[in-house]
Amino acid sequence: MFDLDLSAAHPLTAYGWDDGFAESFTPFAGQGFMPGRVVRVDRGRVDAVVPDGAGVRTVLADTALVATGDPMRVPCTGDWAVIDLENGRGGDHVDGVLRALLPRRTSFVRSTSSKRSEGQILAANVDHAVIAVSLADALDLGRIERFVSLAWESGGRPLVVLTKADLAGDGHSLAHLVADAESAAPGVQVLAVSSETGEGLDVLAAVLAGGTSVLLGQSGAGKSTLANALVGTSVQTVQATRDRDGKGRHTTTTRDLLALPGGGVLIDTPGLRGVGMWDAEGGLSRTFSDVEALAEECRFHDCAHLSEPGCAVQRAVENGELAVRRLESYRKLLRENQRIVAKTDARLRAEIRRDWKQKQALGRHMMERKRGDGR
Ligand SMILES: Nc1nc2c(ncn2[C@@H]2O[C@H](COP(=O)(O)OP(=O)(O)OP(=O)(O)O)[C@@H](O)[C@H]2O)c(=O)[nH]1
Ligand SMILES: [Zn+2]
């Protein structure tokens, strides 16, 4: 079998395997199971890297996992899983069964918070959320604030990467742009890079070497180009299909999770790329920690920072300590967030009502049938 030893030689180290995950796996060890990291999920088929020398294996999730109906328990890219290759081998190139998921450290969830059952999980065990912002267009600080809030909410650490730095003019204007981006994301590292010239890629690679990262950002921000530059070759990996039919065909397999040559793991899934806002109240608080710290000083604890007397936020705007743009952006994102939470709640209520109505109708139907039978 394989060795659970945590030496650099462990075949999964390049995929982020560490002491903590090894510990979570302990109860499953010695049962013929092995750990694996999910690199792609496609219509119920899960591709995972396993330490058995074969690289990526395709498995199906245990029906017990899927049957819960809880979308949070469905495997997603970045998950560490308990893989059983001894059983469940089937046609259509299925190599085994995914028996369980190891506890997630962080998760990117669409819709409301992870406590909610209707959340959709987009990526798991993410340490850094890389927010790609193109310098080909004027910086949209509000957009940076939105993505940074989502990143904080996921539990990962945001990192703003200003791409296409070759288009930003001289070093002086580049420094200004970096400072502007920093003002929108207190405490968040901002890096300028160019996939074209290679500028800044070494610094970025060094940051990403520690853990698992996801790529976020608008369409056209330069994410694919950046991923290719970081990986060194095309993100598409060509894999030989096992020679079951004797034809020795080759298929091209795309992965959503890649080991970076300089260390670290990069997740780039289509579902995550242009994510919208969801319930990110905690993330907003972190992104606007400066505004919230000022609000603590307001005379009224429910101050709306409009025209109340003793408003510390308004005072800071007047003093030039706080940009009015930032206060407006804060308000806008809070409103947007509240709208989404309300909408989700309304949807949830509607679902419960529909379910209840169906049960009532079914009950009536059964009663009528019973009565009919008795006649
Ligand atoms: N000048 C310059 N252009 C770049 C750089 N990186 C990317 N581009 C160009 O920007 C365009 C968009 O890049 P992509 O990598 O496809 O952007 P993306 O974020 O992956 O876009 P989606 O796939 O739509 O999410 C392409 O035409 C790239 O050639 C760069 O560093 N410098
Ligand atoms: Zn106030």
Side-chain angles (χ1 to χ4, degrees), residues 77 108 122-123 129-140 143-144 146-147 150-151 159-171 173-174 177-178 181 190-205 213-236 254-258 266-276 285 288-319 321-324 326-331 334:
T77 304
F108 252 100
L122 301 172
V130 178
I131 299 152
V133 181
S134 166
L135 290 178
D137 312 300
L139 267 190
D140 183 340
R143 187 179 297 145
I144 294 178
R146 173 199 309 261
F147 274 111
L150 292 175
L159 169 70
V160 175
V161 173
L162 304 179
T163 61
K164 314 187 194 181
D166 54 292
L167 302 178
D170 59 9
S173 38
L174 189 60
L177 291 164
V178 170
V190 178
L191 293 173
V193 306
S194 168
S195 303
E196 187 76 29
T197 66
E199 179 186 352
L201 288 181
D202 49 345
V203 184
L204 177 59
S213 307
V214 291
L215 264 181
L216 306 176
Q218 266 224 316
S219 179
K223 297 180 295 294
S224 300
T225 316
L226 185 61
N228 284 335
L230 288 166
V231 174
T233 52
S234 171
V235 169
Q236 304 265 331
T254 44
R255 296 185 189 181
D256 296 341
L257 181 149
L258 296 149
L266 187 67
I267 295 181
D268 181 16
T269 80
L272 250 172
R273 290 192 134 212
V275 284
S285 290
F288 291 94
S289 55
D290 50 347
V291 183
E292 298 213 340
L294 285 165
E296 295 274 308
E297 307 298 319
C298 293
R299 187 178 304 160
F300 304 111
H301 75 90
D302 60 347
C303 183
H305 325 304
L306 293 167
S307 54
E308 289 90 340
C311 174
V313 175
Q314 282 299 342
R315 199 184 319 130
V317 170
E318 278 153 29
N319 295 345
E321 273 170 57
L322 178 68
V324 70
R326 196 158 156 79
L327 176 58
E328 279 165 5
S329 176
Y330 175 59
R331 286 218 183 91
L334 270 183

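Just the heavy atoms: all of them, side chains too, but no hydrogens, waters or symmetry mates, feed the values below. Residue numbers run from 1 in the order of the sequence given. We count ligands from 1, going down the list as the structure has it; atoms in each ligand are counted the same way.
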Exercise. Taking distance alone, with no angle check, do Val193 and ligand 1 share an N/O pair under 3.5 Å?
Worked result: no

Problem set entry | Gln218: numbered ligand 1 atoms lying under 4.0 Å from its heavy atoms | 19 (O)

Exercise. Just by modelled atom types, is the Ala129 backbone N or O under 3.5 Å from a matching donor or acceptor in the Ser213 side chain?
Worked result: no

Exercise. Which of these passes side-chain contact (heavy atoms from CB on, under 4.5 Å) with Leu162: Val193, Leu139, Leu191?
Worked result: Leu139

Exercise. Between the main-chain N or O of Gly217 and the side-chain N or O of Lys223, is there a donor-acceptor pair closer than 3.5 Å?
Worked result: yes

Exercise. How wide is the angle at the Zn ion (ligand 2) between SG of Cys298 and SG of Cys303, to the nearest 10°?
Worked result: 120°

Problem set entry | Sub-3.5 Å N/O-N/O distance, Leu167 and ligand 1 | no

Problem set entry | Flag side-chain contact, heavy atom, 4.5 Å: Leu322 against His305 | no

Problem set entry | Enumerated ligand 1 atoms positioned under 4.0 Å from heavy atoms of Ser194 | 31 (O)

Exercise. With side chains defined as the heavy atoms from C-beta onward, is the minimum distance between Leu230 and Leu258 less than 4.5 Å?
Worked result: no

For this session: Work out whether the distance between some heavy atom of Asp166 and some atom of ligand 1 is less than 4.0 Å.
Result: yes

Exercise. Does a donor on one side chain sit under 3.5 Å from an acceptor on the other, for Thr225 and Asn228?
Worked result: no

For this session: Could you walk me through whether Leu174 and Leu135 pass the side-chain contact (heavy atoms from CB on, under 4.5 Å) test, one step at a time?
Result: CA-CA 9 Å; Leu174 189 60; Leu135 290 178; 3.6 Å; yes

Exercise. Taking only heavy atoms of Ala221, which atoms of ligand 1 are found under 4.0 Å from at least one of them?
Worked result: 17 (O), 19 (O)

Exercise. Per the side-chain contact (heavy atoms from CB on, under 4.5 Å) rule, which among Val130, Leu257, Leu215 passes with Ile267?
Worked result: Leu257

For this session: Work out whether the distance between some heavy atom of Gly220 and some atom of ligand 1 is less than 4.0 Å.
Result: yes

Seminar exercise, completed: Counting from 1 in the order shown, the ligand 1 atoms closer than 4.0 Å to a non-hydrogen atom of Lys223 are 15 (O), 17 (O), 18 (P), 19 (O), 20 (O), 25 (O)

For this session: Would you mind naming the N, O or S atom of His305 nearest to the Zn ion (ligand 2)?
Result: ND1

Exercise. In ligand 1, which numbered atoms sit nearer than 4.0 Å to a non-hydrogen atom of Ser224?
Worked result: 15 (O), 18 (P), 20 (O), 23 (O)

